[in-house]
> 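One structure, as structure tokens, below. Some questions next.
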Amino acid sequence: MQGHNRVIERVVVTGGAGFIGSHLCHRLRALGTAVVCIDNMLTGRPENLGTLLDDPQFTLIRQDVSEGCDVKGPVDLVLHLASPASPRDYARYPIETLTVGSHGTLNALDLAHRTGARFLLASTSEVYGSPLVHPQSEDYWGNVNPIGPRSVYDEAKRYAEALSTAYRTTLGTDTVIVRLFNTYGPRMRDEDGRALPTFVTQALAGEPITVAGEGQQTRSMCYIDDTVAGILAAATGSHPGPINIGNPTELTILDLAERIRTECASSAPIVFVERPVDDPDLRRPDISLARSALGWRPSVDIDEGITRTVNWFASRSRQPSRARVAI
Ligand code: NAD
Ligand code: UDP
């Protein structure tokens with residue numbers, strides 16, 4: 001893989017056994033790049049890595065990156081994704097989330113600095129909190145509750161952005177920050193609590209689809225292949241970011257639930273449940289910068305992405321649990 005000033009031969013992916021990280025590992029190996037994945041399996045799973053586990057150009061290091069990133073040999077690029085990401089996960093692991101955002105990011109930055117690698121931070125639209133500006137562009141500073149239930153994640157990522165910037169400006173580390181918006185697709189965990197896998201699982205099982213509040217809050221959902229392409233475009237470019245990576249097609253959560261129910265040909269009822277505290281009302285990326293600086297834009301529309309994702313969940317639910325492997 002070609003970076004902006006060098007060939008990228010060996011990449012470290014922290015959080016590589018998770019949803020987005022595993023897609024990145026598979027994509028990088030398809031491009032012929034050697035991959036070292038560091039993951040402690042807090043919210044990830046080895047099955048996501050599938051055939052990579054037998055690939056001599058792929059190494060899995062089971063390690064907590066908050067304690068260290070012990071990678072020997074040359075590294076050209078560090079993709080730092082390790083962190084719980086779903087609201088249910090970071091509510092369950094609040095201290096771990098803060099620790100990996102701080103100590104984990106420090107260790108991943110140190111690895112990049114000492115090896116001379118480019119460093120990419122997978123930040124999040126959550127740095128905008130419950131936004132007062134819509135759509136969100138990178139120059140918006142956000143509206144975040146520093147002590148609310150989402151703060152362990154939002155503030156960890158804001159700190160990680162500050163730390164990455166300090167390494168860049170003080171030590172000269174070659175860093176880039178991407179702010180990922182809601183991403184969905186195969187390999188999401190059906191029990192991770194996020195809207196899309198929850199709705200698909202409920203619709204396929206014919207169980208009530210749990211829409212929070214009146215379902216009028218919005219999200220902008222980006223299909224995994226587009227997010228992976230955006231991350232790699234940022235990683236191989238020279239722009240320091242932050243750069244929004246997301247799909248600007250905005251829809252209400254009720255609309256999302258209805259589309260999923262239709263795709264699943266399900267007669268499951270929609271039920272309205274309590275809205276989580278500090279749940280953002282709106283979210284839509286302004287991707288002008290990604291378009292101009294990276295030449296990137298998403299290409300999979302929401303209905304196509306839902307079809308692909310539902311097919312994956314449906315085929316998986318037909319397999320015995322021991323045979324469930326990554327695709
Ligand atoms: P995920 O939970 O599926 O993956 C996270 C991975 O990090 C897991 O494999 C987990 O085991 C690993 N991990 C967590 N703490 C670790 C630690 N201390 N040491 C080593 N490994 C650790 O989540 P995801 O959806 O794939 O998200 C990946 C990254 O992308 C996260 O940093 C998240 O903040 C960011 N992001 C995701 C989304 C999204 O919509 N999925 C949106 C914005 C940002
Ligand atoms: N949501 C919902 N039902 C669920 C899970 C989530 O209506 O079973 C809502 C949630 O309240 C939020 C939206 O869907 O408004 C997106 O939630 P998700 O956890 O997927 O992502 P995030 O809040 O991090 O954007």
Side-chain angles (χ1 to χ4, degrees), residues 13-25 37-46 48-49 61-69 79-91 93 96-105 107-108 120-127 130 150 153-154 156-157 160 178-185 187-189 192-202 208-222 224 227-228 231 244-246 251-254 256-257 270-283 285:
V13 183
T14 77
F19 163 50
I20 299 177
S22 65
H23 283 275
L24 274 168
C25 290
C37 163
I38 314 181
D39 203 299
N40 68 349
M41 305 300 161
L42 184 67
T43 55
R45 38 189 190 192
N48 285 341
L49 300 167
I61 300 176
R62 288 178 181 254
Q63 185 175 31
D64 181 340
V65 296
S66 301
E67 289 170 7
C69 287
L79 303 177
H80 180 45
L81 284 91
S83 170
S86 95
R88 180 181 288 174
D89 287 339
Y90 57 75
Y93 301 115
E96 290 86 344
T97 303
L98 282 159
T99 308
V100 73
S102 51
H103 298 217
T105 303
N107 289 331
L120 177 140
L121 173 68
S123 186
T124 167
S125 55
E126 285 281 327
V127 300
S130 190
R150 304 175 84 94
Y153 182 65
D154 302 4
K157 290 290 183 180
V178 290
R179 292 185 180 148
L180 308 180
F181 283 64
N182 295 62
T183 295
Y184 68 100
R187 299 199 202 117
M188 295 186 92
R189 283 158 35 235
D192 87 356
R194 290 188 263 206
L196 197 130
T198 304
F199 293 168
V200 172
T201 306
Q202 291 166 334
I209 299 174
T210 52
V211 169
E214 293 172 4
Q216 294 309 301
Q217 67 275 30
T218 69
R219 293 294 186 271
S220 302
M221 312 290 297
C222 192
I224 181 67
T227 297
V228 164
I231 290 172
N244 288 339
I245 298 293
L251 66 169
T252 66
I253 291 301
L254 182 57
L256 177 70
I270 288 178
V271 296
F272 295 94
V273 299
E274 198 175 336
R275 189 111 180 256
V277 174
D278 291 346
D279 191 26
D281 290 334
L282 301 169
R283 206 180 271 158

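Atoms within each ligand, like the ligands themselves, are counted from 1 in listed order.
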> Could you tell me whether ligand 1 has any atom less than 4.0 Å away from a heavy atom of Ser123?
yes
> Taking distance alone, with N or O pairs closer than 3.5 Å, would you say Arg283 contacts ligand 2?
yes
> Is a donor from one side chain sitting under 3.5 angstrom from an acceptor on the other, for Arg283 and Asn182?
yes
> Select one of side chain, backbone, both or neither to describe which atoms of Ser86 lie under 4.0 Å from any atom of ligand 2, heavy atoms only.
neither
> Should the proximity of Gln217 to ligand 2, defined as any heavy atom under 4.0 Å, be assigned to the side chain, the backbone, both, or neither?
side chain
> Hey, looking at atom 38 (C) of ligand 1, which of Thr14, Thr124, Ile20 has the closest heavy atom?
Ile20
> Select the closest option to atom 40 (O) of ligand 1 among Asp64, Asp192, Thr183, judged by heavy-atom distance.
Thr183
> Is the shortest distance from a heavy atom of Pro87 to ligand 2 less than 4.0 Å?
yes
> Is there any N or O on Arg150 that sits under 3.5 Å from an N or O of ligand 2?
yes
> Return the option from Asp281, Thr210, Val211 holding the heavy atom at the smallest distance from atom 3 (N) of ligand 2.
Thr210
> Is the contact between Asn182 and ligand 2 made by the side chain, the backbone, both, or neither, using heavy atoms and a 4.0 Å cut-off?
side chain
> Side chains of Gln217 and Thr252: any donor to acceptor distance under 3.5 Å?
no
> When you measure from the heavy atoms of Tyr153 to every atom of ligand 1, does any distance fall below 4.0 Å?
yes
> Do me a favour and list the nearest non-hydrogen protein atom to atom 4 (O) of ligand 1 with residue, atom name and distance?
Gly18 CA, 3.4 Å
> Ile270 and Leu254: side-chain contact (heavy atoms from CB on, under 4.5 Å), yes or no, with the steps?
CA-CA 9 Å; Ile270 288 178; Leu254 182 57; 4.1 Å; yes
> Is it the side chain, the backbone, both or neither of Arg275 that has a heavy atom closer than 4.0 Å to ligand 2?
neither
